[in-house]
Every structure is written in C-alpha cells, then in structure tokens.
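We name chains A, B, ... by the order of the sequence lines, and we start the count at 1 in each one.
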There are 2 protein chains.
Amino acid sequence: MFNKETEYALRGLVYISLQNIQDKRPGTAEVAKEIDAPHFYTAKILQRLVRAGFLESIKGKGGGFYFDPDKPEIPLVRLISSIEGDRSFSGCGFGLKHCSESNPCPVHEKYAPIREAINKMVSEETVQSLALKVYNKKHTPEKIKK
Amino acid sequence: MFNKETEYALRGLVYISLQNIQDKRPGTAEVAKEIDAPHFYTAKILQRLVRAGFLESIKGKGGGFYFDPDKPEIPLVRLISSIEGDRSFSGCGFGLKHCSESNPCPVHEKYAPIREAINKMVSEETVQSLALKVYNKKHTPEKIKK
DNA sequence: TTATTAAAAGACCAAATGGTCTTTTTGTAT
DNA sequence: ATACAAAAAGACCATTTGGTCTTTTAATAA
C-alpha cells in the first residue's frame with residue numbers, strides 16, 4: 001500500500017512512541033531490529049523525520065529518539081503525506097482521464113466512499129494513538145480481553 | 001494509488017474496449033494520445049498485455065488492438081495483479097510487524113472493511129464493464145441523464 | 001510482388017526508490 | 001579533560017520503475 005520508506009517511518013515512530021510511554025528512548029539499532037528494517041536505512045529515515053520536526057533526538061551516551069510531549073500528536077495523514085505526497089489520498093483512485101467530481105470516470109462513484117473511509121482513518125489515527133493501542137493490548141490481562 | 005504502468009494499462013484497455021464497441025481497432029499512437037500517456041511506453045505496455053493474453057493485436061495496414069469476444073471479461077483485479085502483484089489487495093494496509101487476523105495490528109480492524117470494499121470493487125468491475133459505462137454515458141441524451 | 005503500414009522485440013537511458021557505509025559532530029558519563 | 005557512545009551528514013551503490021528509440025517482423029492493400 002505504501003512505499004518502504006513510509007512503512008518503516010510509520011512502524012518506527014509507533015515503536016518509539018511505545019517505548020516513550022515506558023520512559024525509554026530507543027536508538028537506531030534497536031528500532032531497526034524491532035521493526036524488522038535495515039539498520040542504516042532506518043537511521044537515515046529517522047534523521048529525516050527529526051529534521052522534519054516530527055521527532056526529537058539526543059546524541060551521545062544514553063541518547064536516542066523521543067517525542068516532544070508538548071507537540072501535538074501526529075496524524076498518520078501528516079506523516080504519510082510528508083513522505084510520499086498525497087497521491088494515496090487525493091485524485092481519482094483509478095486515474096482515468098479527465099476524472100473529477102463534475103465529470104466522474106466510471107469507477108468514481110464506487111471509489112469515492114472508499115477513499116473517504118481511508119481519509120477519515122488516517123486523519124483520526126495518530127502515531128501516538130496507535131502506540132497506545134499496542135500498549136493497552138500488551139498490558140491487558142488475558143481474562144479481560146474481549 | 002497504482003503505479004504508472006498499471007494506470008496506463010487500465011486506461012488503455014478501457015479505451016480499446018470502448019473503440020471495439022464501435023467496431024474500431026485503435027493502434028498504439030491513437031491509444032497513447034487518447035489516454036494521455038507516452039507513445040512508446042504505451043506501445044510497450046500493450047505488447048506485454050498481448051503476450052500475457054489479455055488482448056489481441058493485428059499487424060500491418062489496418063492493424064491495431066482488440067479484445068477477443070470469446071474470452072471472458074477481464075476483472076480489474078486480474079489486470080492489476082498481473083502487473084504489480086497483489087500487494088494492493090492483500091496483507092495489512094499499514095504493514096505493521098507480525099500483523100495477521102489472529103494477531104492484528106492496531107489499524108487492522110479499521111482497515112479490514114476498507115480493503116474488503118476495494119477487493120469487491122476490483123473483482124466485480126471489468127475492463128469491459130467500465131468501457132460500457134463510458135459508452136452509455138456518452139450516448140445518453142442530456143435530458144435523460146439523472 | 002512490392003510498398004507501405006503497424007505491431008514486436010529489444011537495446012538503451014533516466015529518475016526514483018531502497019539501501020550501505022564511512023566520517024563527523026555532539027552529547028554524556030567518568 | 002577525556003573516552004566513549006550515539007546521532008548527523010553525506011558519499012556511494014543497487015534495484016526498480018518509467019521512458020525512448022531503432023530495428024525487425026508480419027500483414028495488407030495496391
């Protein structure tokens with residue numbers, strides 16, 4: 001669905017957020033290993049995310065990556081768009097020529113609600129909300145699980 | 001949403017089908033121009049589609065591309081999968097690690113119905129059904145349009 | 001049967017994406 | 001102050017994707 005960079009960024013940030021909840025700041029090697037991505041490539045991607053302002057980092061001993069709790073949460077759509085543009089969310093899903101709301105292509109009507117659902121989801125969910133879901137799931141005793 | 005090759009293939013085949021309805025067999029130059037794609041690249045893609053058995057062609061004067069009416073219609077999913085695999089349709093939309101039905105990642109539940117809707121659409125719609133929609137739309141007098 | 005037309009084949013090139021590695025900088029702990 | 005640890009920077013490489021162009025093959029019309 002998304003390209004590799006986006007996928008690694010998404011998984012990496014969720015993992016970092018999850019660690020932050022437990023007062024830890026993972027480094028590049030740990031993140032890469034945990035999200036099953038190439039180490040150096042992961043490092044490069046995390047650097048880009050820091051430069052882009054999504055994430056903070058500390059160098060040197062005990063360093064690593066973390067989210068500034070004073071910054072707002074990061075909706076998935078912001079993250080994804082910043083990496084691969086909005087081609088996944090806007091425009092006609094099937095790219096037929098001259099497709100628009102006023103002159104829709106044959107699949108437009110059928111695809112519109114799907115695209116809307118996707119947009120809703122990536123706007124509502126954030127890196128942090130996903131991390132929290134993972135955290136809660138991990139820390140819910142088996143007997144309580146629905 | 002899809003890559004260029006898939007997009008051009010999709011648009012090209014729909015255009016060819018639409019011309020076939022009107023007993024015409026367009027050539028590479030015409031198809032490329034009409035779907036707004038690079039000429040030689042379009043030619044290469046159409047060749048591949050012929051080799052893959054989706055489409056027939058005739059060389060020489062009066063030649064061009066056409067669909068064998070004896071073959072079954074082509075569901076979009078078949079076309080798309082043959083070009084870029086099923087990565088668009090299967091697997092977790094967000095590629096989080098270890099995501100499966102039994103151990104779903106945090107976005108899995110939300111994404112499942114979306115993926116299902118996409119699958120339904122690309123299974124039901126065919127190149128020919130899209131062409132027919134375009135054809136009917138074109139040949140419906142304004143006053144009758146809903 | 002020849003000229004012409006159009007697809008097939010395939011060599012080639014360009015850009016984007018994915019990935020590796022070394023060096024430099026900066027922070028921390030001792 | 002110094003050693004060490006870890007991110008930052010950036011050069012470099014590989015693969016995939018997107019695209020161009022020339023030559024060959026095959027069909028048709030004259």
Side-chain angles (χ1 to χ4, degrees), chain A residues 1-13 15-16 19-20 24-68 80 82-85 87-88 95, chain B residues 1-13 15-16 19-20 24-68 80 82-85 87-88 95:
Chain A
M1 176 135 196
F2 301 113
N3 63 27
K4 296 283 184 183
E5 185 178 352
T6 307
E7 238 182 61
Y8 296 156
L10 200 47
R11 306 213 301 238
L13 293 191
Y15 178 77
I16 291 166
Q19 293 311 108
N20 285 179
K24 286 185 279 187
R25 278 191 311 248
T28 56
E30 180 185 341
V31 173
K33 194 185 160 207
E34 286 302 318
I35 68 171
D36 201 31
H39 179 186
F40 291 120
Y41 194 35
T42 303
K44 180 189 276 189
I45 291 169
L46 290 179
Q47 281 171 223
R48 286 174 185 164
L49 293 171
V50 169
R51 247 181 297 177
F54 287 112
L55 184 70
E56 324 297 315
S57 70
I58 296 182
K59 283 182 178 181
K61 242 176 205 168
F65 296 88
Y66 67 100
F67 291 93
D68 181 345
I80 296 165
S82 93
I83 296 174
E84 58 183 46
R87 64 176 181 77
S88 308
Chain B
M1 175 137 197
F2 301 112
N3 62 29
K4 294 284 183 183
E5 184 178 351
T6 305
E7 239 183 57
Y8 296 156
L10 200 47
R11 305 212 303 238
L13 293 191
Y15 177 76
I16 291 166
Q19 292 312 107
N20 286 179
K24 285 185 281 188
R25 279 192 308 250
T28 56
E30 179 185 340
V31 173
K33 196 184 157 207
E34 286 302 318
I35 69 172
D36 203 31
H39 179 187
F40 291 121
Y41 193 35
T42 303
K44 179 188 277 188
I45 292 169
L46 291 179
Q47 282 169 222
R48 285 174 186 165
L49 293 171
V50 169
R51 246 181 298 178
F54 287 112
L55 184 69
E56 324 296 318
S57 70
I58 297 181
K59 282 182 178 181
K61 245 175 202 168
F65 296 88
Y66 66 99
F67 291 94
D68 181 345
I80 296 164
S82 92
I83 297 175
E84 57 184 47
R87 63 175 183 78
S88 309

- Item | Phosphate OP1/OP2 of C:dA6: any B:Ser57 side-chain N/O under 4.0 Å | no
- Query: Between the base of D:dG19 and the side chain of B:Lys44, is there any donor-acceptor pair under 3.5 Å?
  - Reply: yes
- Closest heavy-atom pair, A:Phe65 versus A:Val50, reported as atoms and distance to 0.1 Å, is CE2-CG2, 3.8 Å
- Short side-chain N/O contact to D:dG19 OP1/OP2 from B:Tyr8, under 4.0 Å: yes
- Of B:Phe65 and A:Thr42, the one whose closest DNA chain C nucleotide lies more 5': B:Phe65
- Message: Quick check for you: among D:dG18, D:dA8, C:dG18, whose closest atom lies nearest to any side-chain atom of B:Glu5?
- Response: D:dG18
- Whole-Å gap separating C1' (D:dA7) and CG (A:Leu55): 11 Å
- Query: Are OP1 or OP2 of C:dA9 and a side-chain N or O of B:Arg51 less than 4.0 angstrom apart?
  - Reply: yes
- Message: Just the rounded figure in Å: distance from P of C:dA9 to CG of B:Leu46.
- Response: 13 Å
- Return the value, rounded to whole Å, for the distance between atom NZ of A:Lys4 and atom P of C:dG19. 6 Å
- Query: Can you name the one residue among A:Glu34, A:Lys33, A:Glu30 that meets side-chain hydrogen bond (donor to acceptor under 3.5 Å, both in side chains) with A:Tyr15?
  - Reply: A:Glu30
- Query: Taking for each residue the nucleotide of DNA chain C with the nearest heavy atom, is it A:Arg48 or B:Arg25 whose nucleotide lies nearer the 5' end?
  - Reply: B:Arg25
- Query: Which heavy-atom pair separates B:Pro26 from B:Ile16 by the least distance, and what is that distance?
  - Reply: CG-CG1, 3.9 Å
- What pair of heavy atoms forms the shortest contact from B:Ser88 to B:Glu84, and how long is it? OG-OE2, 3.0 Å
- Task: Return the minimal non-hydrogen interatomic distance between B:Leu13 and B:Phe67, and the atom names on each side.
- Result: O-CE1, 3.5 Å
- Item | Whole-Å gap separating C1' (C:dA7) and CG (B:Leu49) | 14 Å
- Take atom CD of A:Gln47 and atom P of C:dG18, then tell me their distance rounded to the nearest Å. 17 Å
- Query: Tell me, for nucleotides 25-30 of chain C in 5' to 3' order, what letter each nucleotide earns: B for a base near a protein heavy atom under 4.0 Å, S for only sugar-phosphate near one, - for neither?
  - Reply: BBBSS-
- Note on the structure: Taking for B:Asn3 and for B:Phe40 the nucleotide of DNA chain D with the nearest heavy atom, the one nearer the 5' end belongs to B:Asn3
- Item | Atom-pair distance (CD on A:Glu30; C1' on D:dA5), nearest Å | 15 Å
- Find the distance B:His39:NE2 to D:dG18:P and express it as a whole number of Å. 19 Å
- Task: Name the closest nucleotide to the B:Tyr41 side chain, picking from D:dA8, C:dA9, D:dT20.
- Result: D:dT20
- Do you know the tightest heavy-atom contact between A:Ala9 and A:Leu49? CB-CD1, 3.9 Å
- Between the main-chain N or O of B:Glu7 and the side-chain N or O of B:Asn3, is there a donor-acceptor pair closer than 3.5 Å? no
- Can you tell me how far P of C:dA7 sits from CD1 of B:Ile45, to the nearest Å? 15 Å
